[in-house]
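Indexing begins at 1, ligand by ligand and atom by atom, following the structure's order. What you see is a predicted model, and the numbers here were worked out from it, not measured in a lab. Positions are given from 1, in the same order as the sequence printed here.
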Amino acid sequence: MTETKQPTLTILAGPTAVGKGTVAQYLRDNYPQIWFSVSATTRDPRPGEEEGTHYYFVSDEEFDAMINNHQMLEWAQVHNSYRYGTIRSKVEQALEAGRHVFLEIDLQGARQIRNQMPEANFIFLAPPSWDELVRRLKGRGTESAAEQAERLDTAKIELACEPEFDVTIINETPSQAAQEIVEYIGLQ
Ligand code: 5GP
C-alpha cells in the first residue's frame with residue numbers, strides 16, 4: 001500500500017526540451033499520491049498558465065525578499081534570464097503531511113538540494129539521443145533560432161551532469177518514463 005511508504009523527496013532534472021514538463025504532467029494526472037512543488041519565478045506567465053498552479057509569478061523585488069528571508073530551499077537563474085526557486089515552507093508542509101514530493105528543477109537547483117538533502121532521490125531524465133533532443137527543442141517552436149542555439153549549448157553542459165544523479169531514466173514516452181520513475185521511488 002502506498003500509504004505505508006515513507007514520504008520522500010524526489011528531484012526530477014534533465015536537459016532543456018527533454019520533456020520534463022510532459023512527464024511531470026503525466027505523473028500529476030496519474031499518481032495523486034505525488035505532490036509537485038509549485039515554484040516561484042520572475043518570468044511572466046505564458047498563455048494558459050495560472051498563478052499558484054504552474055508557478056507563483058513574482059517581481060524581482062519579491063524574489064529578492066524571498067531569498068533574503070530564507071524562504072527558498074534552492075533557487076537559480078535559468079538560461080541566463082529569469083530566476084526560479086522552490087518555496088521551502090510548502091515542501092516541508094507536504095513532506096510532513098506524508099506526501100511524495102517532487103521538484104522539477106534545473107541542474108543548478110538539483111546540486112543545491114544535493115548539498116542540503118543528500119538522502120533525496122535524484123533522477124536524471126535523458127533523451128533517447130542527441131538528435132532526438134534537437135528535434136524536440138525545434139519541434140516545440142516556442143523559442144527563436146537564437147534561443148534554440150543557446151539552449152542547445154546549455155543542453156550539452158546539462159547532459160554532462162548525468163553522473164551526479166542516482167539514476168538515469170530515458171524519456172522515450174511520458175507514460176514509460178513516468179512508470180520507471182514511480183517504480184524507482186517504490187510507489188509501484
Ligand atoms: P520554464 O520557464 O520553461 O517553465 O522553466 C525553465 C526551467 O526552469 C526548467 O528547466 C525548469 O526545470 C526550471 N525550474 C522551474 N522551477 C524551478 C525551481 O524552482 N528551481 C530551479 N532551480 N529551476 C526551476
Closest protein heavy atom to atom 2 (O) of ligand 1, given as residue, atom name and distance to 0.1 Å: Y84 OH, 2.4 Å
Salt bridge (charged side-chain N to carboxylate O under 4.0 Å, His left out) between R114 and E164, worked out: CA-CA 9 Å; R114 170 76 89 188; E164 295 176 32; over 6 Å; no
Protein residue, atom and distance nearest to atom 20 (N) of ligand 1, heavy-atom basis: E74 OE2, 2.7 Å
Polar contact flag, side-chain donor to acceptor under 3.5 angstrom, R28-Q25: yes
Y82 heavy atom under 4.0 Å from ligand 1: no
Close side-chain approach of L107 and F124, heavy atoms under 4.5 Å: yes
H54 and ligand 1 - part of the residue with a heavy-atom distance under 4.0 Å: neither
Geometric N/O contact R43 with ligand 1, under 3.5 angstrom: yes
Any N or O of R151 closer than 3.5 Å to N or O of ligand 1: no
Nearest heavy atoms of A177 and V23, plus distance in Å: CB-CG2, 4.0 Å
Close-contact set for ligand 1 against G109 heavy atoms, below 4.0 Å: 22 (N)
Region of E49 that comes within reach of ligand 1 [heavy atoms, distance under 4.0 Å]: neither
Minimum-distance protein heavy atom relative to atom 19 (O) of ligand 1: S39 OG, 2.6 Å
Taking atom 4 (O) of ligand 1 as the reference point, the nearest protein heavy atom with its distance: Y55 OH, 2.5 Å
Protein contact of atom 3 (O) of ligand 1 - nearest heavy atom, named by residue and atom, plus distance: R46 NH2, 3.0 Å
Residue of the set Q116, M72, Q71 for which side-chain contact (heavy atoms from CB on, under 4.5 Å) holds with R88: Q116
Part of K20 with heavy atoms under 4.0 Å of ligand 1, whether side chain, backbone, both or neither: side chain
Approximate separation, where rounding is to 0.5 Å, of I11 CD1 and Q112 CD: 11.0 Å
Ligand-residue contact atoms, ligand 1 with A76, heavy atoms, under 4.0 Å: 22 (N)
Whether F36 and F102 hold their rings parallel, tilted or perpendicular, with breakpoints at 30° and 60°: tilted
Identity and distance of the protein heavy atom lying nearest atom 12 (O) of ligand 1: E104 OE2, 3.1 Å
Per atom 22 (N) of ligand 1, closest listed option by heavy atom (I105, D106, V78, I87): D106
Shortest non-hydrogen separation from A94 to W35 and the atoms involved: CB-CE3, 3.5 Å
Mutual orientation of the aromatic rings belonging to Y26 and Y31 [parallel < 30°, tilted 30-60°, perpendicular > 60°]: tilted
Audit row: E62, S59, side-chain hydrogen bond (donor to acceptor under 3.5 Å, both in side chains) steps and yes/no: CA-CA 5 Å; E62 286 168 322; S59 65; 3.2 Å; yes
Any Q112 heavy atom less than 4.0 Å to ligand 1: no
